[in-house]
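Structure first, commentary second.
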Amino acid sequence: MYQYACKDNKYVLSLDNHVSIIEALTKFCAEKGILSGSISGLGAVNTATFRYLNPATMVYVDKTFDEQMELTSIVGNISRKDGSVYLHVHVTASRSDYSCIGGHLLDARIFGACELFIEDYGLEIGRSPDPETGLNHYKF
Ligand code: FE
């Protein structure tokens, strides 16, 4: 599902073709016991699903784009919620006409390559629902 190199608390990660980015990242963080950290990277995918939260209605709207896109930027963080890996990942994706779409990444499937850079902060950082926003905020 992935290959990686590691020095100190930093990982360079190459995900296999055709895998789900979120599934592979979750597995990697669980296997390495990463409790918190940062994610950056780039890649290419042929399907991606984004989630948009309308703050006025608190309704989530998910939308899938089935097309070849470059992930020009992957940025995210790693924490834990109820003991399990909790990822928060945003991406920008460029289309064949070079326009960009993006947002909160629910998942995407690699078609090409995906190269990620992960820093393990070595801190236990959890998540809990914020009463005002309903979002899972950091819990320090
Ligand atoms: Fe988000």
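Both counts, for ligands and for their atoms, begin at 1 and track the order of listing.
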Next on the checklist: Ring-plane angle category for His90 and His88, please: parallel below 30°, perpendicular beyond 60°, tilted otherwise.
Outcome noted: perpendicular

Checklist entry - Is the ring centre of Phe50 less than 6.0 Å from the ring centre of His104? => result no

Next on the checklist: Are Arg109 and Val45 packed together at the side-chain level, in the sense that at least one heavy-atom pair is separated by less than 4.5 angstrom?
Outcome noted: no

Checklist entry - Using a cut-off of 2.8 Å, how many protein N, O or S atoms lie below it in distance from the Fe ion (ligand 1)? => result 3

Checklist entry - Could you state the interatomic distance from CG (Asp120) to NZ (Lys32), rounded to the nearest 0.5 Å? => result 10.5 Å

Next on the checklist: Using the salt bridge (charged side-chain N to carboxylate O under 4.0 Å, His left out) criterion, which residues pair with Asp62? Sequence neighbours excluded.
Outcome noted: Arg51

Checklist entry - Quick one: CG on Leu135 to CZ on Arg127, what's the gap to the nearest 0.5 Å? => result 9.5 Å

